[in-house]
**Q** 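I have a structure here, written as structure tokens, and I will follow up with some questions on it.
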Amino acid sequence: MKACILVFLLLACSPPEEQPLDSEPAASEQSHFVDVAAEVGLTKVHTGGSAEKGYIAEAKGGGAAWLDFDGDGDLDLYWVNGAELDDAQGGGNALYRNDGASGFVDVASSLGAAGRGWGMGAVSADYDNDGDADLYVTNLRANVLYRNDGDAGFAEVGGEAGAAGDAWSTGAAFGDYDRDGDVDLYVAGYAEFEPEKIPRLGSQWKGVDVFVGPLGLVPEADSFYRNDGGSFVEVTEETGLAHPEPGYGFGVLFVDVEDDGDVDLYVANDSTPNFLWHNEGDGTFAEVGLQAQVAYGAMGHSQAGMGVAWGDYDGDTRPDIFSTHFEDDYNTLYRNEGAGLFADVSVAAGLGRTSFHLVGFGTGFFDRDNDGDLDLLVANGHVYPQIERAGSGTSYTQPNQLLDNLGGRFELLLPSEGDSLGAAKVSRGSAIADYDNDGDLDLLVTNLDDRPTLLRNDVGNRQNWLGVELVGRESNRGGIGARLRLAAGGTVQVRDIISGSSFLSSEDPRAHFGLGQIERVDSLQVRWPSGVVQVLKNLRVNQYLVVEEDGSEAGRR
């Protein structure tokens, strides 16, 4: 079946035109990422239930979120832990404060943000527009909303703010769907989970006993919360987001698919059709995944949607969707054709065979070498520890992958002989950010039953770049949902400010543009969620620029 899918794709898809590349570092320098997690203090080990993974919940989780919670100009890290099945308190999450050259310090307990229960993922946004970054943490049971109270630490306000929920939640994303100046919240549900009613290791995969799921479980409905000025109201039904056939939700993107100024929702579902919710502009959504050609793989089959990425890989100014899947299937690249339509171009873009022997989770588009095009990260790790007894050649720990963008077609750069993205682990979430503010993007990968991996980028900033941080006034404070268009050297790049992506994770809240050898930015256009359009001209490179919605530059960082 899978071979037929690949043949169909190869015949149906034509490769995009080759585009000229800016000069790049020498080949020996291209893949220089160094795991510095232990060195900088990211040492807490994830707790994920039993080693045998007798139940599906034990194989999930592992999200993380980058945020500047203390407003000092560098990014801190919230890392989500799991638990044991009989442990209501959980293993305890970490809030790693970035102290620059001194590394990271876990201040979760002292600031009241250690979490509770079995954590899944995290997303950050300034939901109350008070100028600091808050946190939303999804769990196997009730979720947690942490309000950032500055020097007083974090206050758990999910219940009083109306956004706690009580089901197994996974991916989450913030976005201003009604353009009223505050961010609303979409939370994906996975499955009803009552271990006492589920046989332990009660299913089989390739001849070995494994946990049951997901198709052996009842899917959990997603939830949508409207922000009414700092408190939330659950409005899933009235907005049309209550799907009659819920999926097993994982990755969520709150993005403007049609470039019409309001944000839509894409949800990657595990083993069930994906959802694309079109924002109708009247307070409601319509599900158009099938019409838009993003509900299924190319042969009309449901895939195991896990992680999601949003980015303009082919430079046509229309961002595209990438989603990771289970082994014996391909990770899917949906090229944005405009007018709300997409095409599965996975094989044409060189991605048809790179994932067949792996299980993909976290992912993200990013410009690894600042050459002006978007490369691709995929974090891998199996879900069945028993898989190595099946004799299929598949391993439980798996290498992560770096795919180099060669003018709209991807080539596997890592792992390669003698080089890799750190040791092979059972990876889950990924979150891309410039944690050291040196102008290139670094890679954070969370690992089941292990410490995270932090891959410092040591080559990207040898070329020019520009970073942009937004401060909304009429729009939400973080500018979430804004679209940026940068013109320089005869090319145009597009970035969106989003909150929530990858697998249960949240990446750098700033926009990052690689510029190659270009030494000046001709113009930067910011279309804010409010509809305000600002244009800044003749910008110098190699800086973090802070832009306020009122039209002035708040400063440079």
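Start at 1 with the first residue, then count along the sequence. Note that the coordinates shown come from a computational prediction; the quantities given were computed from them, not determined experimentally.
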**Q** Between E52 and R200, is there a side-chain N and carboxylate O pair less than 4.0 Å apart?
**A**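 A salt bridge links E52 with R200.
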**Q** For the residue pair D76 / Y96, report whether a side-chain donor-acceptor contact shorter than 3.5 Å exists.
**A**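 No pair is found: no donor N or O on one side chain lies under 3.5 Å from an acceptor on the other.
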**Q** Looking at D134 and R477, does any basic side-chain N land under 4.0 Å from a carboxylate oxygen?
**A**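 Between R477 and D134 there is no salt bridge, as every charged N stays at least 4.0 Å from the carboxylate O atoms.
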**Q** Can you find a heavy atom in the side chain of F503 that is under 4.5 Å from one in the side chain of S430?
**A**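 No, their side chains stay 4.5 Å or more apart.
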**Q** Between D320 and Y334, do the side chains contain an N or O donor and an N or O acceptor separated by less than 3.5 Å?
**A**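 No - no donor-acceptor pair under 3.5 Å links their side chains.
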**Q** Quick one: do R483 and D496 make a salt bridge, cutoff under 4.0 Å?
**A**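 Looking at D496 together with R483, the answer is yes, because their closest N to O distance falls below 4.0 Å.
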**Q** Is it true that E287 and H278 share a donor-acceptor pair across their side chains at a distance under 3.5 Å?
**A**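 H278 vs E287: no donor-acceptor pair found between side chains.
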**Q** Closest heavy-atom contact between K60 and V383?
**A**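 Reported closest heavy-atom pair: NZ-CG1, 3.9 Å.
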**Q** For residues A164 and G159, report the shortest heavy-atom separation together with the two atoms involved.
**A**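 Closest approach of A164 to G159, heavy atoms only: CB-N, 4.1 Å.
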**Q** If only side-chain N and O atoms count, and only distance matters, is there a donor-acceptor pair under 3.5 Å linking H325 with T332?
**A**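 Side chains of T332 and H325: pair found under 3.5 Å.
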**Q** Mind telling me whether Y225 and F232 have parallel, tilted or perpendicular rings, with 30° and 60° as the class edges?
**A**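 Ring orientation, 0 to 90° scale: perpendicular.
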**Q** Is there a donor-acceptor pair under 3.5 Å between the side chain of D176 and the backbone N or O of G181?
**A**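 At least one qualifying donor-acceptor pair exists.
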**Q** Apply the test salt bridge (charged side-chain N to carboxylate O under 4.0 Å, His left out) to residues D449 and K53: give CA-CA distance (whole Å), side-chain angles for both, the deciding distance (0.1 Å), then the verdict.
**A** CA-CA 11 Å; D449 302 313; K53 309 301 176 195; 2.7 Å; yes
**Q** Taking the inter-plane angle between the rings of W277 and H243 on a 0 to 90° scale, is it parallel (under 30°), tilted (30 to 60°) or perpendicular (over 60°)?
**A**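 If you compare the ring of W277 with that of H243, the planes turn out perpendicular.
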**Q** State whether R147 and E156 are salt-bridged, where the test is any N-O pair (Lys NZ or Arg NE/NH1/NH2 against Asp/Glu carboxylate O) under 4.0 Å.
**A**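 Looking at R147 and E156, the cut-off is not met.
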**Q** Taking T272 for the side chain and G247 for the main chain, is one N or O donor matched with an acceptor at less than 3.5 Å?
**A**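 Looks like no, no N/O pair under 3.5 Å.
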**Q** Do you see a donor-acceptor pair shorter than 3.5 Å between the side chains of S501 and E507?
**A**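 Result is yes, a qualifying pair exists.
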**Q** Would a 4.5 Å heavy-atom cut-off, applied to side chains only, mark S271 and S302 as touching?
**A**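 S271 vs S302: side chains apart.
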**Q** So does I198 get a backbone contact from the side chain of E196, meaning a donor-acceptor N/O pair under 3.5 Å?
**A**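 No; zero donor-acceptor contacts below 3.5 Å.
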**Q** Does Q293 use its side chain to pair, donor to acceptor, with the backbone of G289 at less than 3.5 Å?
**A**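 No, Q293 side chain to G289 backbone: no donor-acceptor pair under 3.5 Å.
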**Q** Do Y313 and D375 come close enough that some side-chain heavy atom pair is under 4.5 Å?
**A**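 Of all side-chain heavy-atom pairs linking D375 with Y313, none is under 4.5 Å.
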**Q** Quick one: closest heavy-atom pair of A65 and L135, and the distance?
**A**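 Scanning both residues completely, I find the closest heavy atoms to be CB-CD2, 4.4 Å.
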**Q** Is the distance between the ring centroids of F211 and Y384 under 6.0 Å?
**A**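 Centroid separation for Y384 and F211: below 6.0 Å.
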**Q** What's the shortest heavy-atom distance between G311 and F365, and which atoms?
**A**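 Here G311 and F365 meet closest at N-CD1, 3.4 Å.
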**Q** Apply the side chain to side chain contact (heavy atoms under 4.5 Å, CB included) test between V137 and each candidate in N93, N143, L145; give the one that qualifies.
**A**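 Passing option: N93.
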**Q** Which heavy atom in A292 sits nearest to a heavy atom in G340, and how many Å separate them?
**A**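 Closest approach of A292 to G340: CB-O, 3.2 Å.
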**Q** Is any side-chain heavy atom of T324 closer than 4.5 Å to a side-chain heavy atom of Q303?
**A**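 No, side chains not in contact.
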**Q** Would the distance check show the side chain of Q398 and the main-chain N or O of V359 forming a donor-acceptor pair, the cut-off being under 3.5 Å?
**A**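 Indeed, once roles are kept as given, a pair shorter than 3.5 Å links the two residues.
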**Q** Closer than 3.5 angstrom, by distance alone: can the side chain of D264 be matched with the main-chain N or O of V257 as a donor-acceptor pair?
**A**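 A pair under 3.5 Å: yes.
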**Q** Are K197 and E192 close enough for a salt bridge, meaning some N to O gap below 4.0 Å?
**A**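 The answer is no: the pair does not qualify as a salt bridge.
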**Q** Counting distance only, does the side-chain N/O of Q401 pair as donor-acceptor with the main-chain N or O of T354 below 3.5 Å?
**A**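 A pair under 3.5 Å: yes.
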**Q** May I ask you to decide if D450's main-chain N or O and N447's side chain share a donor-acceptor pair within less than 3.5 Å?
**A**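 The answer is no, because no donor-acceptor pair under 3.5 Å joins these two groups.
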**Q** Taking atom types as modelled and ignoring hydrogens, do the side chains of T394 and E327 form a donor-acceptor contact shorter than 3.5 angstrom?
**A**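 There is such a pair between these side chains.
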**Q** State, without any angle test, whether D209 and Q204 hold a side-chain donor-acceptor pair at a distance under 3.5 Å.
**A**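 Distance-only check passes for D209 and Q204.
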**Q** Is it true that the side chains of D182 and Y127 contain a donor and an acceptor less than 3.5 Å apart?
**A**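 Note: D182 and Y127 side chains miss the donor-acceptor criterion.
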**Q** Using every non-hydrogen atom in the two residues, find where G171 and L504 come nearest and quote the distance to one decimal.
**A**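 Result for this residue pair: N-CD2, 3.4 Å.
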**Q** Could you tell me whether K425 and D35 have a side-chain N and a carboxylate O separated by less than 4.0 Å?
**A**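 No.
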**Q** How are the rings of W79 and H46 set to each other: parallel, tilted or perpendicular (split at 30° and 60°)?
**A**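 Judged by the thresholds at 30° and 60°, the geometry between W79 and H46 is perpendicular.
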**Q** Is a side-chain N or O of S505 found less than 3.5 angstrom from the main chain of S502, in a donor-acceptor match?
**A**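 No, the answer is negative, given that no donor and acceptor are paired below the 3.5 Å cut-off.
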**Q** Has R428 got its NZ or CZ under 6.0 Å from the middle of the six-membered ring of F361, at an angle within 45 degrees of the ring axis?
**A**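 That pair qualifies as a cation-pi contact.
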